[in-house]
Amino acid sequence: DGGITQSPKYLFRKEGQNVTLSCEQNLNHDAMYWYRQDPGQGLRLIYYSQIVNDFQKGDIAEGYSVSREKKESFPLTVTSAQKNPTAFYLCASISRGSGNTEAFFGQGTRLTVV
Amino acid sequence: DAKTTQPTSMDCAEGRAANLPCNHSTISGNEYVYWYRQIHSQGPQYIIHGLKNNETNEMASLIITEDRKSSTLILPHATLRDTAVYYCIVRVATYNFNKFYFGSGTKLNVKP
């Protein structure tokens with residue numbers, strides 16, 4: 001089955017540690033996105049990538065880093081510079097085209113700093 | 001991409017139609033209107049999208065006003081499983097992708 005997979009579902013991190021969230025898709029989609037969601041809030045864009053080896057900052061990129069070495073994969077690293085990393089993280093992908101296509105989302109990773 | 005405005009929450013009786021409004025007064029001619037929903041602690045799920053004409057699929061109907069400044073998502077017979085946050089998004093239809101924004105959405109409470 002084609003889809004987008006995020007792992008792990010739950011992640012705990014000690015303060016001061018970097019942690020990497022995985023996002024893999026087998027939909028052959030060009031563009032991939034990372035969002036952050038805080039309780040009771042909407043989704044805020046962290047980073048997005050339109051094509052392999054290229055990515056752009058979203059609205060809240062500080063304290064995060066990404067890479068796009070393969071079309072299928074868009075990992076997000078939450079660095080120690082992110083002062084409030086506890087949140088729900090969502091990855092999405094979409095195919096390149098006329099714009100008349102929907103985005104597919106993973107099931108999310110809930111990150112908690114302990 | 002244009003921004004959207006939605007009510008914070010709405011109630012609907014089970015079995016009745018749920019009509020969720022969205023304002024997108026700054027939408028431009030090449031922007032589509034998309035609707036997604038998010039059930040608690042899951043990834044958003046695509047519902048429907050449209051450009052100018054009204055659209056219908058097995059989940060919902062989308063009514064877009066003639067001036068395209070607002071739209072309404074209609075769930076014809078709401079069930080308890082339709083309780084979720086519904087997001088209205090506008091997205092430019094270009095070959096290259098830009099950001100697309102989610103607002104805070106509308107929390108739909110379907111009551112027995």
Side-chain angles (χ1 to χ4, degrees), chain A residues 3-7 9-10 21 23 25 27 29-51 54-61 68 74 87-112, chain B residues 1-9 22 27-53 55 57-60 62 64 73 84-107 109:
Chain A
I4 181 165
T5 302
Q6 290 186 243
S7 61
K9 190 172 175 66
Y10 299 96
L21 283 60
C23 178
Q25 53 98 0
L27 300 163
H29 285 172
D30 295 291
M32 297 185 74
Y33 298 79
W34 274 106
Y35 292 89
R36 169 185 171 134
Q37 187 174 36
D38 293 287
Q41 305 294 315
L43 282 66
R44 292 188 290 167
L45 184 64
I46 306 173
Y47 268 98
Y48 66 105
S49 168
Q50 298 181 10
I51 199 167
D54 180 69
F55 47 84
Q56 286 80 40
K57 292 181 179 179
D59 298 323
I60 56 164
R68 188 85 187 277
F74 191 41
F88 188 51
Y89 291 88
L90 285 157
C91 180
S93 71
I94 191 166
S95 63
R96 183 172 264 193
S98 66
N100 188 18
T101 54
E102 72 266 26
F104 290 79
F105 282 83
Q107 289 304 297
T109 293
R110 188 166 298 282
L111 174 64
T112 304
Chain B
D1 293 347
K3 301 300 195 304
T4 61
T5 305
Q6 300 176 252
T8 303
S9 66
C22 179
I27 194 170
S28 58
N30 62 350
E31 288 183 314
Y32 282 78
V33 179
Y34 281 77
W35 283 84
Y36 288 81
R37 73 179 182 185
Q38 185 179 27
I39 296 169
H40 183 63
S41 294
Q42 296 183 23
Q45 174 193 23
Y46 165 80
I47 302 173
I48 198 167
H49 73 282
L51 184 62
K52 308 184 217 190
N53 300 321
E55 301 288 343
N57 63 21
E58 64 278 3
M59 290 182 69
L62 174 61
I64 303 174
L73 178 74
V85 178
Y86 288 77
Y87 295 99
C88 168
I89 301 148
V90 293
R91 192 167 70 80
V92 65
T94 60
Y95 189 76
N96 293 312
F97 293 95
N98 296 312
K99 311 172 189 181
F100 65 97
Y101 290 99
F102 283 71
S104 297
T106 296
K107 177 70 166 62
N109 299 300

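Just so it is clear, the model here is predicted, and its values are computed rather than measured. Only heavy atoms go into these numbers, but all of them, side chains included; no hydrogens, no water, no symmetry mates.
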Revision key, fill the gap. Max heavy-atom pairs within cutoff under 4.5 Å with chain A, candidates B:Pro44, B:Ser41, B:Gly43, goes to B:Pro44

[X], part contacting chain B, at a heavy-atom distance under 4.5 Å:
X: A:Leu90; value: side chain
X: A:Arg44; value: neither
X: A:Gln37; value: side chain

Review point. With side chains defined as the heavy atoms from C-beta onward, is the minimum distance between B:Tyr46 and A:Phe105 less than 4.5 Å?
Key: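 When only atoms from C-beta onward are counted, A:Phe105 and B:Tyr46 do not touch, as no gap falls below 4.5 Å.
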
Review point. Which region of B:Gln45, side chain (C-beta onward) or backbone (N, CA, C, O), has a non-hydrogen atom less than 4.5 Å from a non-hydrogen atom of chain A, or is it both or neither?
Key: neither

Exercise for review: Return the minimal non-hydrogen interatomic distance between B:Gln38 and A:Phe88, and the atom names on each side.
Suggested key: NE2-CE2, 4.0 Å

